[in-house]
Amino acid sequence: MREVAIVGAKTTEFGELWERSLRDIVVEAGIGAIEDAGISGKEIDAMYVGNMSGGRFVEQEHLGALIADYSGLARGLHVPSTRVEAACASGGLALRQAIQAVASGYSNVAIAAGAEKMTDISSSGATDALSAAADREWEGIQGATFPGIYAMIAKLHMAKYGTTSEQLAAVAVKNHENGMHNPIAQFKSKITIDQVLKSIMVSDPLHILDCSPVSDGAAAVVVVPAEDALKYTDKPIYVKASAQASDTIALHDRRDITTLDASVVAGKRAYEMAGLTPKDINFVEVHDCFTIAEICAIEDLGFAEKGKGGLVSLNGETKLGGRIPVNPSGGLKSCGHPVGATGVKQAVEAVTQLRGDAGKRQVDGAKYGMTHNVGGSGATAVVHIFSNER
Ligand SMILES: CC(=O)SCCNC(=O)CCNC(=O)[C@H](O)C(C)(C)COP(=O)(O)OP(=O)(O)OC[C@H]1O[C@@H](n2cnc3c(N)ncnc32)[C@H](O)[C@@H]1OP(=O)(O)O
């Protein structure tokens with residue numbers, strides 16, 4: 001297995017991009033990543049596109065071929081291009097496919113993109129499309145929405161561990177604070193705990209400001225063998241671990257719904273592969289689709305004791321400058337959550353941080369960064385560890 005590095009990275013603006021099409025935004029991200037890598041694009045020999053539901057959101061399937069064509073990589077070059085789907089973890093998994101292709105020697109220059117265009121349909125249409133990431137027969141058809149599913153997780157976390165609404169709100173406040181310094185973020189406004197608690201209730205105990213929004217956006221990275229990386233850039237970012245785990249899709253079949261076992265296992269696999277522990281990690285981009293999801297994630301990945309994730313968040317330990325900065329990008333809460341793009345955008349943030357290019361949201365002296373991307377309520381988890389040292 002070859003070591004692998006990222007040499008180009010780009011994210012489009014995230015938000016309600018009504019004037020743009022899905023193909024437009026993926027191509028913008030792809031061209032940005034290619035330019036960032038200093039290549040022409042003709043070097044690319046494999047493409048992976050993370051997308052959850054092109055069919056439901058924009059009525060377009062067969063995205064691998066479509067995006068290869070619109071990027072100029074299909075006609076003449078016939079670059080193999082594959083769509084990758086694992087619900088909200090589609091982007092992280094597309095990146096993992098690109099890493100595996102390069103690590104195995106099948107590919108020398110692979111591009112991993114992620115994209116979703118969610119705002120072209122109604123809110124109820126988007127909610128229903130998203131619910132297909134849960135167990136459709138046992139949950140979706142019975143009316144369970146994602147805010148509802150994560151609200152059940154939050155309720156049990158509160159009952160078992162004494163987690164409070166203020167602790168949940170502290171996650172949203174911190175992520176909005178970080179997002180204010182991220183030019184791609186959908187929401188760049190400062191919010192307070194009081195505002196979160198007074199915002200409209202979506203599914204008790206989750207208010208609208210506890211939820212990630214419905215968003216459009218795309219991101220892309222260029223992946224090459226580590227031994228070639230310095231030919232492309234003087235700031236390559238090395239992939240120290242790429243791990244994935246699955247779990248039962250239906251919440252009622254889970255061992256304990258306050259722990260996402262797939263996150264725990266993917267995290268352990270990643271630490272083992274990199275030869276690192278949580279103490280070595282300088283920042284982490286976690287899948288905060290809801291505030292409770294960030295609290296579970298920092299517990300599941302070993303950054304907080306089980307049951308103490310809320311307390312750690314309210315204490316400020318996860319802020320920029322804190323013990324373990326969590327979601328310096330602003331996370332899904334502030335940046336937005338175009339589901340298929342999120343996992344790749346997390347990697348773009350890790351690259352930006354590890355290059356030292358994150359401006360006011362920079363984690364000073366960062367050497368190791370982790371990303372954590374979840375599909376559904378925890379049936380898929382993808383964890384990566386990156387470093388600016390080989
Ligand atoms: C594993 C996983 O990742 S699962 C997660 C998958 N993703 C989701 O489930 C998405 C969750 N979020 C949602 O479903 C929606 O954002 C909801 C239900 C919370 C809100 O949707 P709606 O009620 O339709 O809100 P609507 O789009 O009408 O917006 C109303 C206002 O609230 C704002 N708003 C909407 N959502 C959010 C949010 N999450 N945070 C902050 N503001 C928001 C809008 O910008 C708008 O503001 P404006 O009036 O100033 O323009």
Side-chain angles (χ1 to χ4, degrees), residues 14-18 50 52-53 56-57 85-93 114 116 118-135 139-140 144-154 168-169 171-173 175-176 179-180 185-192 195-217 247 249 251 257 260 262-263 285-294 296-297 300 327 330-343 345-346 372-382:
F14 278 15
E16 297 178 357
L17 311 177
W18 290 317
M52 176 184 156
S53 197
R56 296 288 297 274
F57 290 122
E85 189 276 317
C88 310
S90 301
L93 209 51
E116 209 78 54
M118 301 169 74
T119 67
D120 289 357
I121 58 172
S122 65
S123 288
S124 58
T127 299
D128 190 54
L130 287 166
S131 78
D135 187 315
E139 294 170 332
T145 62
F146 265 96
I149 286 171
Y150 275 87
M152 287 190 262
I153 297 176
L168 295 175
V171 171
V173 169
N175 288 347
H176 271 244
M180 284 170 66
Q186 182 163 350
F187 298 119
K188 297 189 188 74
S189 50
K190 194 174 168 62
I191 55 170
T192 63
Q195 275 174 306
V196 180
L197 297 180
K198 286 188 177 143
S199 67
I200 194 162
M201 186 64 84
V202 175
S203 186
D204 185 25
L206 302 177
H207 300 81
I208 193 169
L209 290 174
D210 285 294
C211 304
S212 63
V214 166
S215 318
D216 307 324
D247 198 359
I249 195 166
L251 206 62
I257 67 168
L260 277 64
S263 294
E285 285 284 313
V286 302
H287 196 99
D288 59 319
C289 49
F290 300 95
T291 49
I292 184 63
E294 176 165 322
C296 292
D300 295 345
N327 283 326
L332 285 54
K333 173 68 205 79
S334 159
C335 290
H337 181 25
V339 284
T342 286
K345 171 243 151 190
Q346 292 175 323
H372 161 257
N373 192 199
V374 171
S377 58
T380 300
V382 185

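Keep in mind that what you see is a predicted model, and the values were worked out from it rather than measured. Ligands are counted one by one from 1 in listed order, and the atoms in each one are counted from 1 as well.
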Colleague: Return each pair, listed once, that meets salt bridge (charged side-chain N to carboxylate O under 4.0 Å, His left out) where at least one residue sits in residues 123-133; pairs must be two or more places apart or across chains.
Modeller: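 Salt bridge (charged side-chain N to carboxylate O under 4.0 Å, His left out) check on residues 123-133 returns R56-D128, D128-R136.
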
Colleague: Can H372 and S263 be said to form a side-chain hydrogen bond (donor to acceptor under 3.5 Å, both in side chains), step by step?
Modeller: CA-CA 8 Å; H372 161 257; S263 294; 2.9 Å; yes

Colleague: What does the list of residues with a heavy atom under 4.0 Å from ligand 1 look like, ordered by chain and number?
Modeller: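 Within 4.0 Å of ligand 1, protein side: C88, S123, L130, F146, Y150, F187, I208, L209, C211, S212, P213, V214, H287, C289, F290, K333, H337, V374, G376.
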
Colleague: Donor-acceptor pair, distance only, cut-off 3.5 Å: does the side chain of Q195 make one with the backbone of T192?
Modeller: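 Yes, Q195 side chain to T192 backbone: donor-acceptor pair under 3.5 Å.
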
Colleague: Looking at residues at least two apart in the chain, or sitting in another chain, which of them share a ring-ring contact (aromatic ring centres under 6.0 Å, His included) with F146?
Modeller: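 Result, ring-ring contact (aromatic ring centres under 6.0 Å, His included) vs F146: none returned.
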
Colleague: Sequence neighbours excluded, which residues qualify as side-chain hydrogen bond (donor to acceptor under 3.5 Å, both in side chains) partners of S189?
Modeller: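 Residues passing side-chain hydrogen bond (donor to acceptor under 3.5 Å, both in side chains) with S189: none at all.
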
Colleague: Without swapping roles, check the side chain of E116 against the backbone of G340 for a donor-acceptor pair under 3.5 Å.
Modeller: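 Present.
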
